[in-house]
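Numbers here are sequence positions counted from 1. As the structure is a computational prediction, the values presented were derived from the model and not from experiment. Both counts, for ligands and for their atoms, begin at 1 and track the order of listing.
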Amino acid sequence: MNRRLKRIKSEIEILGDKSISHRALMIASISKGITKISNFLFSHDSISTLNCLKNLGVKIEVNKENVLVYGNGLYSFKFYDGVLDARNSGTTMRLLSGILSGYKFKSIIDGDISLRKRPMDRIIKPLSLMGANIFAKNSERFAPIYIEGNDLKSICYKMEVDSAQVKSSILFAGLYADSVTKIFENIKTRDHTERMLKYFGSNISFEDGVICIEKGELIASDIFIPGDISSASFFMVLAAGIDGSEVLIKNVGINETRTGIIDVLKCMGVNVELLNVRENCYEKMCDIKVYGTSRLRPISISGDIIPRLIDEIPIICVLCSLVNGESSIEDVEELRYKESDRITSIVKEFRKLNIDICETKNGIRIHGGRKIKGAKVNSYNDHRIAMSLTILAYLSGEDIVIENKDCVDISFPMFYEKLNEIFK
Ligand code: S3P
């Protein structure tokens, strides 16, 4: 890399984890008692979950320091005579469908244009096998989703896609089923649901790719949400790409199903230190220190590591495009079903910036090191694309104008403020 950027020395704290925030609200809502959630992420997506739960009759109190959820047990939701709006949030739609499959009233869940394009047959199939009446309005695959729950039967289910959202949806339905529900994973995906259900006293076991869950009341338990490693990854890459920089990111969740980004950075030659490692509510967290270098290496990733960094692919592509040599990212077909088709979004927009990048059948190849040229690019209203392009603008020092950049609020409302804080 051949750029002269002002090195950064900074310490920052990022916001709470999005995946864990959704789960904390949902699990607390069906537990018995009052749960205090600290460091909850107030982003568009997690607020969608909060609003859906309120519509279903759950009392939730939002305070300055925490969120209080007044849970009333597994069967406490009330019929909502309207459409539950998941907006942009796949996690809200898929996980909530699992819970609603255990309720014998009718529910409709819908979302925005992006969510209406994302496949829902992946949850409809297992939830139907469990006995729920659930179908999607558009081509039996896309939202809105109609659900009328039932007395559910337990199932043994071999995962067809490596998806934590699908797994969690089945686990939630498993809380309402007549016997032990068993899930077999091909590749381990994030296990926040399993850990949190255990923390709330569920009969759950998870080991060697097999997860078993049984019906049983959950007990309210106060919970602290660690910082989101997916949000941290933008600052990790920013620091990594500027020689001589040192950035300390405080209180980040480092659940092993999420730390692929750390492995990738290390493989590319970045010094990353995990300091003050501790565990809270069955989730590991630490402070992450990243040291920038000018001696980065290209990378090839595929297979088992992919679910551990699925949301970090756009920002990994940013670093790859600045490093001399060919990087390849394979087995990422799932990126086509995210908030945008991320393979296409990345390739199309990076090309506008003179980056040598192409689509492969299930991946992306980048020949990094070519001079980046400023241009107008689009985020496709995809928060992770907007944040990745922003970091690319900083690291290339080029004038990159990003359209629809406010969508960062979906997962990281303070993103631009935090960035300004670093460069102050
Ligand atoms: C999530 C799981 C992942 C991830 C998404 C959040 C979750 O999707 O991409 O941003 O909270 O369970 P998959 O369901 O494809 O694993």
Ligand 1 N/O within reach of Ser19 N/O, cut-off under 3.5 Å: yes
I need the nearest protein heavy-atom contact for atom 1 (C) of ligand 1: residue, atom name and distance, please. Gln165 NE2, 3.6 Å
Count the heavy atoms of every other residue, nucleotide or ligand shown that sit under 6.0 Å from CG of Asp81, and state whether that count exceeds 12. no
Only heavy atoms of Asp311, strictly under 4.0 Å: list the atoms of ligand 1 that pass. 4 (C), 5 (C), 9 (O), 10 (O)
Could you walk me through whether Thr189 and Lys167 pass the side-chain hydrogen bond (donor to acceptor under 3.5 Å, both in side chains) check? CA-CA 9 Å; Thr189 59; Lys167 173 176 65 174; 3.1 Å; yes
Is there a donor in the side chain of Ser340 and an acceptor in the side chain of Ser345, or the other way round, less than 3.5 Å apart? yes
Which ligand 1 atoms does Ile310 reach within 4.0 Å, using its non-hydrogen atoms? 9 (O)
For residues 196-204, dump all side-chain donor-acceptor pairs below 3.5 Å to protein atoms at least two apart in sequence or in another chain.
residue	atom	partner	partner atom	Å
Tyr199	OH	Asp222	O	2.5
Asn203	ND2	Lys215	O	3.3

Closest approach of any protein heavy atom to atom 14 (O) of ligand 1, naming residue and atom: Ser163 OG, 2.7 Å
Ligand 1 atoms in contact with Thr91 (distance to a heavy atom under 4.0 Å): 6 (C), 7 (C), 11 (O)
For atom 12 (O) of ligand 1, which of His192, Arg23, Arg342, Arg118 has the closest heavy atom? Arg23
Just checking, Lys405 and Tyr416: is the charged tip under 6.0 Å from the six-membered ring centre and within 45° of the axis? yes
Mind checking whether His22 has a heavy atom under 4.0 Å from ligand 1? no
Ile124: partners by side chain to side chain contact (heavy atoms under 4.5 Å, CB included), with sequence neighbours left out: Met120, Ser128, Ile134, Ala136
4.0 Å heavy-atom contact, Lys338 with ligand 1: yes
Of the protein's non-hydrogen atoms, which lies at the shortest distance from atom 2 (C) of ligand 1, and what is that distance? Arg190 NE, 3.6 Å
Testing the 3.5 Å rule here: is there a donor-acceptor pair between the side chains of Glu359 and Thr344? yes
If you measure from each heavy atom of Thr189 to ligand 1, is any distance below 4.0 Å? no
Describe, in one word, how the ring planes of Phe42 and Phe40 are oriented to each other, choosing from parallel (under 30°), tilted (30 to 60°) and perpendicular (over 60°). perpendicular
Among protein heavy atoms, which lies nearest atom 16 (O) of ligand 1, and at what distance? Ala164 N, 2.8 Å
